[in-house]
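See structure below.
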Amino acid sequence: MNIENQLKNTIQQALSSLFEVSEAVTLQPTKKDFEGTYTYVTFPLVKQLRKNPVEIGNAIGNYLLENSKLVSKFNVVQGFLNVSIADSAWVDTLNQIITDKNFGFLPKNGQSVMVEYSSPNTNKPLHLGHLRNNFLGYSIAQILEANGYDVVKTCLVNDRGIHICKSMLAYQKYGNGETPESSGIKGDHLAGKYYVLFDKDLKQEVAELVAGGMPEDEAKKKAPSIVAAQEMLIKWEQGDEEVVALWRKMNEWVFAGFNETYKKIGVSFDKTYYESNTYLLGKDVVEEGLQKGIFFKKENGSVWIDLKEEGLDEKLVLRSDGTSVYITQDLGTTDMKFKDFNNDKSVWVVGNEQDYHFQVLFAIMKKLGRSYADGCYHLSYGMVDLPSGKMKSREGTVVDADDLAEEVRAEAENVAKERGDIASMSSDEQQHLFNMVGLGALKYFLLKVDPKSRMLFNPQESVQLQGNTGPYIQYTHARICSVLRKAEAMQVPLNQLVNVSELHKIESDLIYLIGEYPTTIKQAALDYSPAIIAQFAYELAKTFNQFYAEVSILNEPDANKLQFRIALSKTIAETIAKAMKLLGIDVPQRM
RNA sequence: GGUUCCAUAGCUCAGCUGGAUAGAGCAACAGAUUUCUAAUCUGUGGGUCUUAGGUUCGAAUCCUAAUGGAAUCACCA
């Protein structure tokens with residue numbers, strides 16, 4: 001049992017033996033300005049016991065001193081009982097952690113979870129918003145796995161629909177047989193280029209129609225380009241050979257481009273679904289709902305569900321012409337996913353603009369009596385804003401994922417060449433490092449803020465490598481590795497239990513922090529928040545760097561202390577590496 | 001208009017189920033290397049936690065209202 005839980009138990013004993021009360025005990029970390037590690041607040045007991053808080057604090061404190069080996073001293077400030085933990089208890093804790101090969105991983109819990117993320121459209125390249133989605137999804141999958149789940153990562157590719165036809169139309173018009181090979185443009189960027197061209201034409205047509213006196217709403221529906229796109233979509237659905245062939249060709253370009261990007265940014269999927277295969281699903285679910293009397297038909301033949309009781313509204317699930325809407329398809333796809341993998345839980349990593357959609361989807365699944373309905377979770381993350389405002393792909397005000405990755409990589413290269421420890425590396429190793437550090441900066445930057453909140457992306461700050469950044473933490477790891485290499489050369493044993501009697505305050509702080517790792521990853525899973533882990537990794541790295549500046553590790557004459565500091569440093573490096581891995585960030589041996 | 005979410009230092013963000021004098025990073029300024037990686041460390045300045053009420057021994061945190069902002073409410077996806 002860890003120190004915190006032992007202490008809680010002893011306080012509970014104190015409460016019952018001193019005051020005959022049984023209360024759940026919660027502890028909080030002691031504020032930096034006061035002496036102690038854990039603080040117990042006695043204010044709530046005042047009314048119940050009719051004693052003053054200081055008296056209560058002292059009574060409990062003395063009980064702890066007498067009855068627990070963990071506690072070395074205490075102090076009471078008003079209603080706060082600050083408890084200091086004995087150095088020996090910290091050393092024991094470190095030894096336990098060293099011994100525990102699975103430290104920081106929860107045992108398998110027998111449950112499985114699907115994490116669906118990324119979900120790109122095949123008409124344009126990935127941008128900054130996708131990056132937040134991808135990093136979040138991948139990280140959440142890692143975090144759930146560390147918490148004992150079996151995880152299936154899936155990606156649902158939106159590879160059909162009117163938006164795809166737009167790129168295709170513009171390509172027919174302007175393409176001249178251009179290919180990624182002939183142009184040297186990455187496939188997804190090439191498709192995106194035509195998507196933008198389409199929109200340019202469309203805008204002009206609308207402007208002309210409006211100038212001719214047509215209302216803007218109508219013009220947007222009647223512009224020749226948009227009509228042509230709709231016709232093309234119908235042809236596609238009818239299986240028109242020419243259209244399907246073009247669709248195949250352009251999609252392949254895009255997939256090749258996506259795969260390159262995914263590989264570069266280090267995300268992956270166990271299974272990819274394509275909407276071109278799933279878009280007709282869900283009509284059977286509509287039929288089922290009608291039979292069960294959960295859905296109802298309006299006069300024009302359209303099918304609806306009434307979700308007023310759930311605080312939502314009436315919602316269309318099938319058009320009057322019998323064709324699907326977005327939610328129809330999702331009903332079918334959700335059934336299919338659970339049929340395929342039979343997961344206990346399913347997480348959709350999708351932006352918060354779709355909050356309403358998922359409320360409706362889950363409410364319908366519940367009404368239909370799906371056994372999995374309670375295990376569905378929409379990980380709703382906030383938009384990424386730019387200093388210039390909102391990103392809009394059609395207007396070209398997006399930050400491209402590939403460009404951004406290259407930018408941070410280049411910055412990492414600059415800094416490494418200026419002050420990195422890279423002289424002994426081969427050119428390949430150097431390139432590998434620049435990538436690792438650049439990506440580390442980008443991932444950490446996007447993951448360190450609470451997923452739920454909208455965030456501002458400042459390009460200048462995102463390539464920063466100092467302060468609260470990924471590279472700062474990577475650097476700390478490399479720094480420890482450097483010390484460990486020297487220790488090894490000095491023949492200090494690296495993998496032995498340690499025995500010292502007296503610690504620096506900062507050393508016990510570090511052990512305290514390492515000990516918080518298991519609760520941190522549990523909390524991260526509960527909240528679906530990689531940010532909690534980012535925070536933890538930063539705190540640990542920062543405290544180590546303070547320790548490093550304050551206390552000499554390798555120059556310690558006392559062999560036991562030297563060995564202790566090495567063991568402590570090594571454990572910190574391992575913990576940093578584990579935490580960063582959950583964020584999808586690798587850490588280098590040197591940098 | 002309905003619903004949901006947000007408002008903390010110049011900027012970007014932490015602040016867990018209410019607890020002590022509200023914390024980091026960036027930016028600014030001043031320092032630290034005969035010694036383990038200076039992508040580091042130390043220090044200084046910077047706050048009516050949007051506003052007004054309420055609950056409480058105790059509120060950035062909970063409740064109500066106001067103000068400002070965002071998303072969504074399509075027979076779009």
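Because only heavy atoms are used, hydrogens play no part in the values below, and waters and symmetry mates are left out as well, while side chains stay in. So that the names make sense, note that chain A is the first sequence line, chain B the second, and so on, each numbered from 1.
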Output a table of donor-acceptor pairs, distance under 3.5 Å, between side-chain atoms of residues 443-450 of chain A and any protein atom two or more places apart or on a different chain; print 'none' if there are none.
{"unit_1": "A/Lys443", "atom_1": "NZ", "unit_2": "A/Ile265", "atom_2": "O", "d": "2.9"}
{"unit_1": "A/Lys443", "atom_1": "NZ", "unit_2": "A/Gly584", "atom_2": "O", "d": "2.7"}
{"unit_1": "A/Tyr444", "atom_1": "OH", "unit_2": "A/Asn468", "atom_2": "OD1", "d": "2.6"}
{"unit_1": "A/Tyr444", "atom_1": "OH", "unit_2": "A/Ala534", "atom_2": "O", "d": "3.3"}
{"unit_1": "A/Lys448", "atom_1": "NZ", "unit_2": "A/Asn468", "atom_2": "O", "d": "3.1"}
{"unit_1": "A/Asp450", "atom_1": "OD1", "unit_2": "A/Lys452", "atom_2": "N", "d": "3.0"}

Acceptor/donor pairs from residues 350-359 of chain A side chains to any protein atom, 3.5 angstrom cut, sequence neighbours excluded:
{"unit_1": "A/Gln354", "atom_1": "OE1", "unit_2": "A/Tyr326", "atom_2": "OH", "d": "2.7"}
{"unit_1": "A/Asp355", "atom_1": "OD1", "unit_2": "A/Ser380", "atom_2": "OG", "d": "2.8"}
{"unit_1": "A/His357", "atom_1": "NE2", "unit_2": "A/Asp330", "atom_2": "OD2", "d": "2.8"}

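Remark: the A/Thr30 side chain and the A/Thr39 side chain contain an N/O donor-acceptor pair separated by less than 3.5 Å. Inspection of the A/Asp509 and A/Thr543 side chains reveals no N or O donor paired with an N or O acceptor under 3.5 Å. For the residue pair A/Asn545/A/Arg479, the side-chain donor-acceptor check at 3.5 Å is satisfied.
Aromatic ring centres of A/Trp348 and A/Tyr528: separated by at least 6.0 Å.
The side chain of A/Arg454 contributes no N or O atom lying less than 4.0 Å from OP1 or OP2 of B/C6. Between A/Arg160 and B/A77 there is no side-chain polar atom (N or O) within less than 4.0 angstrom of OP1 or OP2. Residue A/Arg565 places none of its side-chain N or O atoms closer than 4.0 Å to OP1 or OP2 of B/C36. Side-chain N/O atoms of A/Gln474 include none lying less than 4.0 angstrom from OP1 or OP2 on B/A39. Residue A/Tyr475 has a polar side-chain atom (N or O) positioned under 4.0 Å from OP1 or OP2 of B/A39. Proximity of A/Lys31 to the phosphate of B/A20: a side-chain N or O atom is located under 4.0 Å from OP1 or OP2.
Contact annotation for A/Asn352: backbone-only contact, meaning every heavy-atom pair under 4.0 Å involves sugar-phosphate atoms and none involves a base. A/Gln589 comes within 4.0 angstrom of a nucleotide base, judged by non-hydrogen atoms across all strands. Within the 4.0 angstrom heavy-atom criterion, only backbone atoms of the sugar-phosphate kind lie near A/Ser453; the bases stay farther away. Across all strands, A/Leu465 comes closer than 4.0 Å to base atoms (heavy-atom distances). Across all strands shown, A/Pro44 has heavy atoms under 4.0 Å from base atoms, whether or not it also approaches the sugar-phosphate. Residue A/Asp450 is classed as a sugar-phosphate contact, given heavy-atom separations below 4.0 Å to backbone atoms only. Nucleic acid contact for A/Glu275: sugar-phosphate only, since backbone atoms but no base atoms lie under 4.0 Å from a heavy atom of the residue. As judged by a 4.0 angstrom heavy-atom cut-off over every strand, A/Val46 is placed among residues making no nucleic acid contact. Among the protein residues, A/Met455 comes within range of the sugar-phosphate backbone only, with heavy atoms under 4.0 Å from sugar or phosphate atoms but none that close to a base. At a threshold of 4.0 angstrom between heavy atoms, the contacts of A/Ala531 with the nucleic acid are absent. Counting non-hydrogen atoms under 4.0 angstrom, A/Asn158 reaches the backbone sugars and phosphates but no base. Across all strands shown, A/Asn545 has heavy atoms under 4.0 Å from sugar-phosphate atoms exclusively, and none from any base.
Atom CG of A/Leu361 and atom C1' of B/U72 are 16 Å apart (whole Å). Taking atom CZ of A/Arg479 as the reference point, atom P of B/U40 lies 8 Å away to the nearest angstrom.
Between A/Asp199 and A/Lys203, at least one side-chain nitrogen of the basic residue sits less than 4.0 Å from a carboxylate oxygen of the acidic one, meeting the salt-bridge criterion. Classification of A/Lys283 and A/Glu287 as a salt-bridged pair fails, no side-chain N sitting under 4.0 Å from a carboxylate O. With salt bridges taken as basic N to acidic carboxylate O contacts below 4.0 Å, one links A/Arg454 and A/Asp385. In this structure, A/Glu55 does not pair ionically with A/Arg50, as no charged nitrogen and carboxylate oxygen lie closer than 4.0 Å.
Figure legend: A/Lys315 and A/Trp304 shown without cation-pi pairing, the cationic atom not lying both under 6.0 angstrom from the six-membered ring centre and within 45 degrees of its axis.
Between A/Lys47 and A/Thr30, the residue whose closest nucleotide on RNA chain B is further toward the 5' end is A/Thr30. Both A/Asn458 and A/Tyr548 lie close to RNA chain B; mapped to their nearest nucleotides by heavy-atom distance, the more 5′-ward contact belongs to A/Asn458.
Stacking annotation: A/Tyr472 is not stacked on the base of B/A39 (requires ring centroids less than 5.5 angstrom apart and an interplanar angle below 30 degrees). The ring of A/Phe80 does not lie on top of the base of B/G19; it is either too far (5.5 Å or more) or too tilted (30° or more).
For A/Lys486, the side-chain hydrogen bond (donor to acceptor under 3.5 Å, both in side chains) test picks out no residue, with sequence neighbours left out.
Against RNA chain B, the stretch residues 301-309 of chain A makes heavy-atom approaches under 4.0 Å through A/Ser302.
Remark: RNA chain B takes part in the stems B:1-7 with B:67-73, B:10-13 with B:23-26, B:28-32 with B:40-44, B:50-54 with B:62-66, each of 3 or more antiparallel Watson-Crick or G-U pairs, criterion distances under 3.5 Å.
B/U48 and B/A70 are spaced 25 Å apart, taking the P atom of each and rounding to whole Å. A gap of 14 Å separates the P atoms of B/U21 and B/G58, to the nearest Å. Using atom C1' as the reference point in both B/A59 and B/A20, the two lie 14 Å apart (nearest Å).
If you check B/A39, B/A20, B/C13 against the side chain of A/Val437, the one that comes closest is B/A39.
Counting distance only, with no hydrogens placed and no angle test, the side-chain atoms of A/Asn82 and the base atoms of B/A20 include a donor-acceptor pair under 3.5 Å.
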### Message
Assess the residue pair A/Thr122 and A/Asn158 against the criterion (side-chain contact (heavy atoms from CB on, under 4.5 Å)); give the C-alpha distance rounded to whole Å, side-chain angles, the decisive distance to 0.1 Å, and a yes or no.
### Response
CA-CA 6 Å; A/Thr122 57; A/Asn158 187 346; over 6 Å; no
### Task
Kindly indicate, with the supporting measurements, whether the criterion side-chain contact (heavy atoms from CB on, under 4.5 Å) is fulfilled by A/Tyr538 and A/Tyr472.
CA-CA 8 Å; A/Tyr538 174 65; A/Tyr472 171 89; 3.8 Å; yes
### Query
What string of B, S and - do you get for nucleotides 25-33 of chain B, 5' to 3', if B is base contact, S is sugar-phosphate-only contact and - is no contact with any protein heavy atom under 4.0 Å?
SS-------
